[in-house]
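All residue numbers refer to positions in the sequence shown, counting from 1. Because only heavy atoms are used, hydrogens play no part in the values below, and waters and symmetry mates are left out as well, while side chains stay in.
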Amino acid sequence: MAAFAPTALAITRDLAPSGKRGDTIGKFLTSFGIATMLGPFLCTFLIDYLDYPQLFQIAAIIPLLGLAPFLLIRPKRPPTGFTKKRKLSLKTSLKTVISSRNLLILTYLRLTFSFTYAFFIVLFAVYAENNLFLVPSLIATLFGIRGTTNTLLRIPSGKLADKIGYRWPIVLAFTLLTLVYFMISETANIYLLILAMILFGAAHGMRAVTEWTMLADYAPSESVNIATAYLSTMFNIGSAFGAITAGALTMFLNVPTIFKLASIITLTGVFAVGLIRARDKPS
């Protein structure tokens, strides 16, 4: 993932027409959303016929389906954006990136989301099966519902970011995430859990597209690829520490309390967005 995501996003950003960067990134990231939608629904069907090792064996085949066309289809010429940019050293590029107030705020938002999202990934399925007594196929369906709204909101979120900017979409996304974690901590009702997954997917899709579009607009052109890799790294760091923290907290707190803690942490992102400056784009 560390090798793939920054490269794919850099190519997408360079191919985006002027004034339609959010729309283009939204369309590309929709492919991730489709995967988060179809994967769980496929799992819902297969889990009634296969055991877990067999499911992972099938999952191992799927990346090859993406690799095959990548190896067979070659572009006639590289994107022009790669050859016209002034190259900076890694140290200079990183210094330029972290000198931007908006990109530092974006870093905080990225860390906050990935940290609390790790709580969800690590704990929700186990909690739903062991405490809420949901069957695995139903749990997979909940993940599929989350993936569906995640997919449906990505292209509209890109268009919205192009029209009104980044602040309000990110505020809405983090507000919804705050509500979702609180709902998960408070309910065992399947219909409310379905609603929580619908809102979770919508917030996730809106946040992802808006953040990447904001990065593309505010990072200096000669450092934007380094900035993309940097932001991906921040997500990985947040996920790693979030997973470790979630595991450690289960020794002292019950899972609903941990999700309440995630709700409070996510709420800080809503206030952090208010620090974004309208004109902070490096030259």
Side-chain angles (χ1 to χ4, degrees), residues 32-53 55-56 59 111-154 171-208 238-270:
F32 286 88
I34 292 173
T36 63
M37 174 180 64
L38 297 182
F41 285 138
L42 179 61
C43 185
T44 299
F45 170 75
L46 292 177
I47 201 168
D48 290 329
Y49 304 97
L50 304 175
D51 57 24
Y52 286 122
L55 282 175
F56 282 115
L111 288 170
T112 300
F113 172 77
S114 59
F115 185 81
T116 54
Y117 183 60
F119 286 18
F120 174 78
I121 292 298
V122 169
L123 298 177
F124 179 74
V126 178
Y127 171 68
E129 184 172 7
N130 294 341
N131 296 81
L132 304 182
F133 306 107
L134 302 181
V135 296
S137 59
L138 182 55
I139 297 171
T141 300
L142 289 174
F143 278 90
I145 291 171
R146 181 179 66 96
T148 300
T149 51
N150 189 341
T151 303
L152 295 177
L153 262 291
R154 293 201 170 201
V171 166
L172 178 58
F174 274 80
T175 301
L176 290 177
L177 288 168
T178 300
L179 176 61
V180 164
Y181 290 134
F182 184 78
M183 289 177 64
I184 292 174
S185 73
E186 284 292 305
T187 187
N189 184 286
I190 185 61
Y191 298 107
L192 289 178
L193 287 175
I194 290 173
L195 175 61
M197 294 301 107
I198 291 173
L199 297 178
F200 199 161
H204 192 167
M206 185 181 302
R207 177 209 58 82
S239 297
F241 281 101
I244 294 170
T245 302
L249 288 175
T250 57
M251 295 187 290
F252 310 100
L253 303 173
N254 58 37
V255 175
T257 301
I258 295 174
F259 278 121
K260 285 186 175 67
L261 178 61
S263 180
I264 294 171
I265 295 172
T266 306
L267 183 61
T268 65
V270 177

List the atom of [X], the atom of [Y], and the distance in Å for their closest heavy-atom pair.
X      : Y      : answer
Phe174 : Gly269 : CD2-CA, 3.9 Å
Thr149 : Ala202 : OG1-N, 3.4 Å
Met37  : Thr151 : CB-OG1, 3.9 Å
Thr112 : Ile265 : CG2-O, 3.4 Å
Ser239 : Ala118 : O-CB, 3.5 Å
Cys43  : Leu55  : SG-CD1, 4.2 Å

Apply side chain to side chain contact (heavy atoms under 4.5 Å, CB included) to Phe259 and Leu123, showing your working.
CA-CA 9 Å; Phe259 278 121; Leu123 298 177; 4.3 Å; yes
How are the rings of Phe200 and His204 set to each other: parallel, tilted or perpendicular (split at 30° and 60°)?
tilted
How long is the span from the [atom1] atom in [X] to the [atom2] atom in [Y], to the nearest 0.5 Å?
X      : Y      : atom1 : atom2 : value
Thr116 : Ile121 : OG1   : CD1   : 11.0 Å
Thr178 : Leu267 : OG1   : CG    : 4.5 Å
Leu193 : Ile198 : CG    : CD1   : 11.0 Å
Asn150 : Ile145 : CG    : CD1   : 13.5 Å
Leu199 : Leu153 : CG    : CG    : 10.0 Å
Tyr52  : Leu46  : OH    : CG    : 12.5 Å

Does anything in residues 126-143 pair up under side-chain hydrogen bond (donor to acceptor under 3.5 Å, both in side chains), and if so which pairs, sequence neighbours excluded?
Thr44-Thr141
Ignoring hydrogens and angles, tell me if any N or O in the side chain of Thr187 forms a donor-acceptor pair with the backbone of Ile184 under 3.5 Å.
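Absent.
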Of all residues at least two apart in sequence or in a different chain, which pass the side chain to side chain donor-acceptor pair (under 3.5 Å) check with Thr250?
none
Please find out if less than 6.0 Å separates the ring center of Tyr181 from that of Phe119.
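Aromatic pair excluded; centres sit 6.0 Å or further apart.
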Answer whether the closest heavy-atom distance between the side chains of [X] and [Y] falls below 4.5 Å.
X      : Y      : value
Val126 : Val255 : no
Phe120 : Arg146 : yes
Ile258 : Thr245 : no
Tyr117 : Leu177 : no
Phe41  : Thr148 : yes

